[in-house]
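Every chain is numbered from 1, with letters handed out A, B, ... down the list of sequences.
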Amino acid sequence: MTASSPASGQPPEEPVGYDPAAVERKWRDRWTERHANRANIDGARRPYYALMMFPYPSAEGLHVGNLFAFTGNDIFARFQRLQGFDVFEPMGFDAFGIHSENHALKTGRHPMELIPSNIANFTRQLERAGLMVDWSRTVDTTHQSYYKWTQWVFLQLLKRGLAFKKKAAVNWCPNDKTVLANEQVEGGHCERCGALVEQRLLEQWFFRITDYAERLLANLDTLDWSNTTKTAQRGWIGRSDGAEIRFRVLNPLEDAGSASVHVTAEIGTGGEEVRVFTTRPDTIFGATYLVLAPEHPLLDAITGGEQRAAVAAYQAVTAKQDVIARKTNKEKTGVFTGAYAVNPATGEMIPVWTADYVLMEYGTGAIMAVPGHDERDFEFANKFALPIERVVMGPGQNAHTPLTAAFTDETDVRLCNSAQFDDYPVDEGHRQITAWLESKHAGKPVVNFRLHDWCISRQRYWGPPIPVIYCDDCGMVPVPEADLPVVLPNIPDFRPDDSGISPLARHEEWYHVPCPACGKMARRETDVSDTFLDSGWYFLRYPSVGRDDVPFDKAITKKWLPVNSYIGGNEHAVLHLLYSRFLTMVLHDAGYVDFDEPFTKFRAHGLIIRDGAKMSKSKGNVVNPDDYIDGWGADTFRTYLMFLGPFEEGGDFRDAGISGVKRFLDRLWSSVRDAHTTGEPDRDVMQKLHQTIKKVGEDIPRLSYNTSIAAMMEHMNVVRRSERAVHRAEIEPLVQLVAPFAPHIAEELWEMLGHTASVFDSGWPSFDAAFAGGETATIAVQINGKTRGTIVVAKDSVQDSVMAAAMADPAIAKFVTGSAKKVVYVPGRLLNLVI
RNA sequence: GCCGGGAUGGCGGAACUGGCAGACGCACGGGACUCAAAAUCCCGCGAGGCGCGAGUCUCAUGUGGGUUCGAUUCCCACUCUCGGCACCA
C-alpha cells in the first residue's frame, strides 16, 4: 500500500511518493467499511445539519458547478465535524419534472428507466468526490416512498383551504404542450425550448402563498442569509403601500348626451363603482382618466352603447394575444368605454378607458391615470390626447411649469394644484389625502404585493399525481391519507398532447376510480404537481428517511431542524427558497413542526464560469469532473475548485492553476513522510503554525476557502524554506487543517503519523493567541502619508519610544525637515508624521 | 427602464473595523541537479525614471470629483461588465 514500510529483507526503496488514486481508493473503502459518514440520527448529542441544494440528476452527469457547490458545503461540514459536532450531510435527487421528461422524449427512453440510471451515474461520480455524505439516507423525489408524502403535503394545504382550483390565464407552451409557471417564461419565450408562449384559460391548482406574503417578508429580517438573496426575495414579494380609491361611474346610457351636466362627488346617481389601487394617492388631483384591464369584470356593465363594439373588439384582440406580446410590446393601445367617472377629489368627470397596460392580476385591475406623474400614463395620454395636469412641483418649478415628460421625483417635491393640500411634501400629502378620502368613504389605505399565488398544476406526466378525485355526486374529494400514494402509472406513451389534459387521462384503468366517499365510479385528477413542491419540503425528509408511517418523525425533526446551514445557488434565491419557507410556515401553523423558517443560515455560492462564459453544452466549454479526478485526484480537484476564487463569488475555471495545488499536496506529503522528532521545533516556524491555525479557523466559517488554502500554502513555504529539515510538530496540525479540503490524503498522512483513529475524530487543533500575535510589531513610518521606512519595535510600545526609534533610522530621519505639526500613531501598525 | 453583484500586475486573486497595495497560486525569466530532458529545489518577477552598484525616486487598485494625517476600502457623479426582474399603477 501507499505508505507501508518496505518489506524486511528487501533493499531500501525510494521514499514513497503521493499516489492520489491509491490513497483515495483506500480511504473510500475504509469510510464505507467503518460507516464513517453515517450520522447518528437518534443519538447525536450535538446535531448539526449541513445541507446543500440537491441536484437534478441529468443524463449528462455531474457538472463542475454541482461539485463546486457540494465541495464548499462538504468543507464546512467536515470543519464542523472537527469542531466536535455530529454532522449530518445528506444528498438526494430532484428527479421529477419537465427537464427529465423532455430528455426522455428526445432520447426515446422512459423516465422510469432513465432516472434510476442517471441517479446511479451521479452517485458514482459523487462518491469519488470524497463528500462526507450519509448515503444511508438519500432522497429520490420520484420514488413512491417520497412522493407519497409530497401528496400528503398537498392534502394538508387542501385541508387548510390553502390549495384551491381556479380558472386562470396561464402560459402555454405550444411546443412542450404544457402550462408554464411565470418563472419558466423568459421574455415571452419558453425557458426550455424557446418557443413563443401563448395564453390559455385552464382550471389550475394554486397554493395561496399570498396569504403569507407579509410573514414571508417580515421574517427575512430574522434570517442569517446572504444579503443578495434576501434582497431578491423582498423584491419578488414586492410590497407596495398605497390606497384603494373608489370612483363612481356614471351610467353611460342615462348620461349620454348630457356631458355638460355638472357633477359632484355627492351626487348619488346610479351606476357602478370602480376601485383602483395606487401608490400615489397624493397625486389624485391629477388623475384625469381611469383605465380598466381588458379582462375587468365591470367593463361590460359600464361600456356605453356606441363603444360596445370597439371595446369588445379590443378585448378579443387582447385575449388572443399571447402573454409575451402583451408584456413585451410596450406600445400603448386602448379604447374609450364611453363611460365617465367622478374624481372624488376634484369632483370632475373623467373618461374611463380600457387598455392592456393595466394588468388584471395586480391590484384591482384598474388604475387612476395621473399622466403628469407616471411615465406610462403620460405616454398613453399623449397618444390619445387626454388631459395632463401638474400636481407635483420640484425645486425651481411652479404649479404652471409645463410638463414635457412625466415628473416622477418624490424627494424634495411639493404638491400643487391640489386645493387644500397645496405645498404639502408628497409623503405628507400621501397620508393626509388618504385620510381625507377615507373620511369621505372614497378610499382607504391598502397594501399590495407583487407575489402571485403559486400555480402547482402541470398537465404533464412526470410528476406526482395530485391526490384528488372527482365524483359526480360528491364533487371534489381528497384522496384519503391512508390511500396514499396515488401511484404514477407506467405509461409507455407519456407524450403530452394539445388538449391541455395530462397524458394520465388516457390511462383508463388509472383514471377511473371509485369515489372514496360514496363508492360510485369517479375520475382522478390528472394534473401532476410542480417540481418545486417536491423540493419544497425535502429537507424535512432526510433525517426521517426509512420511516414509512410519517413524512417526518416529530422527535427527530425537533432534534435536527431547522437546517443549521444551507448552501446553494442564487438561481434559487427566489422560487425554491420562498416556496420552502411558505410550506414550512404552513406545516408550522398546522402543528407539524415547531419552527416556521426552515433554513437558519443560507449562503449563496458563486458561479463557475469558463473562459469568461457560463459553461454550456452549446459552447463546448463544459468541464467533466471525472477527467480531472482521474488525472489529478479528488483531493487536488476539490482544493483547486476552492482556490479559484471566493466561494460566494465563483471563479473562472482554467487548467493552468491546478498544478500549483497538486504541488502543495505533494510537498505536504513528503514533509510529513520525512518529518523528524529530533530536538525542538523552530520557534519562528511554530509561530507561523499558530498564526495559520488561527487564520484557517477564522476563514472556513466565513466560507473564505481561497484564503484558507493560501494560508496553508504560506505555512508550507515557511516549513520548507531553504530545504530545512522538518520537525514533526511543525507540520502535524497542518494535516488536520487540510483535512476538510483534501480528506483522503489527510487521513493517509494522519495514519502515517501513527494515529489509528480518523483525522476527523481528532478535533480541531488549538493555538496560543499570544504566541501567534508575536512580541514585536513592524511599524510603517510615514511622512505626510508616504511610507518612508519600517521599524521593528516591541508590540506594546508607546508613541514616544516608536518616535525615537523612527528618528534613529537615518533613512527615515532624512525626510524629517522640521518639527511635526501632527503625529498619528496607530499601535502595532504605523506612525505618520505630518510636517 | 428597475434591482443586485463586479472592475486591483501578463492571468486567477489577497488586503477582516480607512493604516506598508499586489499575500497565495499560475505563467514567465535566471540558477542548481542531470549526459540531456521531465520532475524537484533555489532566486527574481506592477510600470517607469536615475544609478556601474548596494540602491533610490515617481506613478499605479475602471473614470472624474470629495472627505481624511492617510482611501482598493467612506461619500457624490459617471463608464464598462455580469446576473435577475421587467407596463406591478
Q.
Please confirm whether the ring centroid of A:Phe637 lies under 6.0 Å from the ring centroid of A:Phe68.
A. no

Q: Write down the distance separating the P atoms in B:A23 and B:G10, rounded off to the nearest Å.
A: 14 Å

Q. Does A:Phe378 have any ring pair (Phe, Tyr, Trp, His ring centres under 6.0 Å) partners at least two apart in sequence or in another chain, and if so, which?
A. none

Q. B:C16 P sits how many Å from A:Lys694 NZ, rounded?
A. 13 Å

Q) Side chain of A:Asp453, backbone of A:Thr210: donor and acceptor closer than 3.5 Å? A) yes

**Q.** A:Tyr705: partners by side-chain contact (heavy atoms from CB on, under 4.5 Å), with sequence neighbours left out
**A.** A:Ile75, A:Phe76, A:Met642, A:Phe647, A:Ile700, A:Leu703, A:Phe741

**Q.** A:Phe378 CZ to B:A89 P, straight-line distance once rounded to whole Å
**A.** 20 Å

Find every protein N or O atom lying less than 3.5 Å from an N or O atom of nucleotides 38-42 of chain B, and list the pairs.
residue : atom : partner  : partner atom : Å
B:C41   : O2'  : A:Glu723 : OE2          : 2.6

Q: Could you check how far CD1 of A:Ile237 sits from P of B:C85, rounded to whole Å?
A: 16 Å

Q) For every nucleotide of nucleotides 9-14 of chain B, 5' to 3': is a protein heavy atom under 4.0 Å from its base (B), only from its sugar-phosphate (S), or from neither (-)? A) --SBSS

Q) When the distance from OH of A:Tyr825 to P of B:G18 is rounded to whole Å, what number comes out? A) 20 Å

Q. If the P atom of B:A77 is compared with that of B:C16, how far apart are they to the nearest Å?
A. 26 Å

Q.
In whole Å, measure the gap between the C1' atoms of B:U73 and B:G19 for me.
A. 11 Å

Q) Sequence neighbours excluded, which residues qualify as side chain to side chain donor-acceptor pair (under 3.5 Å) partners of A:Arg603? A) A:Asp224

Q: With sequence neighbours excluded, tell me which residues meet salt bridge (Lys or Arg N to Asp or Glu O under 4.0 Å) with A:Lys444.
A: none

Q: Take atom C1' in B:A7 and the same atom in B:A14, then report the distance between them in whole Å.
A: 15 Å

**Q.** For A:Tyr212, all residues meeting ring pair (Phe, Tyr, Trp, His ring centres under 6.0 Å), sequence neighbours excluded
**A.** A:Phe582

Q | Close side-chain approach of A:Leu644 and A:Phe653, heavy atoms under 4.5 Å | A | yes

(Q) Rounding to an integer number of angstrom, what distance separates B:G12 and B:U17 when you compare their P atoms? (A) 24 Å

Q. Once you round it to whole Å, what is the distance between C1' of B:G83 and NE2 of A:His605?
A. 13 Å

Q.
Run through RNA chain B and report every stem of 3 or more consecutive Watson-Crick or G-U pairs, distances under 3.5 Å, ordered by first number.
A. B:1-7 with B:79-85, B:10-12 with B:24-26, B:28-32 with B:40-44, B:46-50 with B:55-59, B:62-66 with B:74-78

Q) Between A:Thr318 and A:Pro294, is there a donor-acceptor pair closer than 3.5 Å when you use the side chain of the first and the backbone of the second? A) no

Q.
Testing A:Trp669, A:Phe664, A:Trp632 one by one against A:Tyr18 for a ring-ring contact (aromatic ring centres under 6.0 Å, His included), which residue passes?
A. A:Trp669

Q: Mind checking side chain to side chain donor-acceptor pair (under 3.5 Å) for A:Asp409 and listing every partner two or more places apart, or none if nothing turns up?
A: none

Q: Using the C1' atoms only, state how far B:A21 lies from B:A32, rounded to an integer number of Å.
A: 33 Å

Q | A:Ser659, nearest nucleotide to its side chain (from B:C26, B:A89, B:C20) | A | B:C26

Q. Between atom CD in A:Glu410 and atom P in B:C2, what is the gap in whole Å?
A. 14 Å

Q. Can you name the residues that form a side chain to side chain donor-acceptor pair (under 3.5 Å) with A:Ser226, not counting sequence neighbours?
A. none

Q: Sugar-phosphate means primed atoms, P, OP1 and OP2; the rest is base. With that split, encode nucleotides 66-77 of chain B 5' to 3' as B, S or - using protein heavy atoms under 4.0 Å.
A: ---B--------

Q | Glycosidic class, syn or anti, of B:G66 using a 90° window around 0 | A | anti

**Q.** Under-4.0 Å salt bridge between A:Arg663 and A:Asp666
**A.** no

(Q) For the C1' atoms, the ones on B:C85 and on B:A71, what distance do you get once it is rounded to whole angstrom? (A) 34 Å

Q) Whole-Å distance between B:C24 C1' and A:Asp699 CG? A) 12 Å

Q. Any salt bridge (charged side-chain N to carboxylate O under 4.0 Å, His left out) pairs touching residues 636-650 of chain A, not counting sequence neighbours?
A. A:Asp74-A:Arg638

Q: Please state the C1' separation for the pair B:C69 and B:U63 - nearest whole angstrom.
A: 26 Å

Q: Establish, yes or no, whether a centroid distance under 6.0 Å links the rings of A:Phe206 and A:Trp454.
A: no

